[in-house]
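What follows is a single structure, written as structure tokens, with notes after it.
It should be emphasised that the depicted structure is a prediction, and the values quoted were computed from it without experimental measurement. Ligands are counted one by one from 1 in listed order, and the atoms in each one are counted from 1 as well.
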Amino acid sequence: MGKFDTYPFAYIRKSIVPIEQAQIPIATNALHYGAGIFGGIKAYETDAGVQIFRLADHMERMRQSCKILRFPYDFNIESTQKIILKLAAKNNLKGTTYIRPLVYRSDTNLSPGIEGDYDLSVYMIQMPEYFQAEKGLSVCVSSWQRNADGALPPRTKATGGYLNSSLAIHDAVTSGFDSAILLDSDGNVGEGAVMNLFMVKNGQLITPASDSDILEGITRRTVQLIAKDIGIPVIERTISRTELYTADEIFFCGTAVEISWCQSVDNVEISSKKGDITTKIHKAFDGLSLSHPELFTKI
Ligand code: PMP
């Protein structure tokens with residue numbers, strides 16, 4: 001992801017301020033120990049104006065992340081949602097926007113413990129597209145393993161956990177790939193570095209289950225909903241690394257990457273063009289504000 005334009009207002013320490021004033025002290029605990037959890041949410045231009053996609057689901061995942069990591073922060077879904085909507089209105093969102101709420105350990109004690117003060121911050125950037133939409137991705141299987149559930153639970157969006165994604169992306173990109181797939185602690189397919197993975201085989205969609213060291217993606221859930229709508233069966237099961245090479249189609253999904261098709265894995269060609277099922281899912285994804293208006297929140 002490159003550098004995108006930031007909206008002028010942010011939320012920090014319980015107030016909306018100009019983005020330049022949304023600063024933290026050098027000794028902020030979260031900066032040193034990765035004590036934070038975040039959300040990555042998109043707002044889209046729709047026929048009914050700019051709307052936020054699956055806001056309540058993102059709030060619930062943030063609440064769960066705080067709970068799993070034992071943060072002494074009472075994540076309130078309703079009030080956080082209100083803050084995001086208020087900030088979105090203040091920023092007068094235009095076009096596709098990425099919203100980044102963060103709960104972080106804000107005290108300046110130099111100790112890695114969980115106890116401490118926590119704060120919520122939110123800022124917003126314009127995000128026209130993450131990968132070049134029509135180009136198929138060339139990805140590799142990373143030599144880095146996905147964070148294991150018993151080490152740094154991947155079902156949380158813990159800030160510190162993203163060093164795992166960063167290592168995988170760095171090594172993939174410096175070797176000439178667009179991104180990477182990480183294997184889980186059993187050596188089976190987990191997910192993409194910052195995205196979930198679906199494989200198409202014999203007309204079925206297959207994706208690793210929630211016990212495969214994955215973040216349970218909200219876009220993944222959305223793909224399952226779309227597949228049900230259009231009558232494509234979805235199976236959650238273990239995928240071995242080499243089974244990827246036998247797939248008819250592979251695509252990634254995530255809030256930032258949306259639906260991004262994969263042309264090759266480890267330089268083994270999967271498909272030379274975007275496959276039929278990927279195309280159907282992608283089209284339906286783009287039409288969600290009409291087919292599933294209940295998933296959108298007006299600003
Ligand atoms: N896995 C990881 C590691 C991610 O960072 C993301 C992006 N949030 C996803 C999967 C996709 O999740 P979602 O669809 O909820 O954005």
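Among protein heavy atoms, atom 14 (O) of ligand 1 sits closest to T219 OG1, 2.5 Å. Protein heavy atom closest to atom 8 (N) of ligand 1, with residue, atom name and distance, is K157 NZ, 2.6 Å. When only non-hydrogen protein atoms are considered, atom 6 (C) of ligand 1 lies nearest to V194 O, 3.2 Å. Regarding atom 12 (O) of ligand 1, its nearest protein heavy-atom neighbour is G217 CA, 3.4 Å. Protein heavy atom at the shortest distance from atom 16 (O) of ligand 1 is T255 OG1, 2.6 Å. Regarding atom 5 (O) of ligand 1, its nearest protein heavy-atom neighbour is Y162 OH, 2.5 Å.
Any N or O atom pair closer than 3.5 Å counts here, and I218 shares at least one such pair with ligand 1.
Residue contact check for ligand 1: R146 places a non-hydrogen atom closer than 4.0 Å to it. Under a 4.0 Å heavy-atom criterion, R61 is in contact with ligand 1.
Of the possible donor and acceptor atoms, none in the side chain of Q263 sits under 3.5 Å from a partner among the backbone N and O of I270. With hydrogens and angles ignored, the 3.5 Å screen pairs no side-chain donor or acceptor of S264 with any backbone N or O of S138. Between the T108 side chain and the T28 main chain, no donor and acceptor come within less than 3.5 Å of each other.
We find that E115 and R70 are not joined by a salt bridge, their nearest charged nitrogen and carboxylate oxygen being 4.0 Å or further apart. Checked for salt-bridge contact, E249 and K201 miss the test: no charged N lies under 4.0 Å from a carboxylate O. Checked for salt-bridge contact, E45 and K94 miss the test: no charged N lies under 4.0 Å from a carboxylate O.
Proximity of P154 to ligand 1, defined as any heavy-atom pair under 4.0 Å, is not found for any part of the residue.
For ligand 1, the atoms sitting less than 4.0 Å from at least one non-hydrogen atom of A193 are 3 (C), numbered in the order shown with element in parentheses. Near L215, meaning under 4.0 Å from one of its heavy atoms, ligand 1 places the atoms 1 (N), 2 (C), 4 (C), 6 (C), 8 (N), 9 (C), 10 (C), 12 (O).
No option in D117, D119, N29 other than D119 meets the side-chain hydrogen bond (donor to acceptor under 3.5 Å, both in side chains) test with Y104.
Under the 30°/60° scheme for interplanar angles, the aromatic rings of F53 and Y44 are found to stand perpendicular.
Few gaps surround CZ on R237; more than 12 heavy atoms of other groups in view lie less than 6.0 Å from it.
Counting heavy atoms only, E191 comes closest to atom 2 (C) of ligand 1 of the residues R54, R220, E191, H58.
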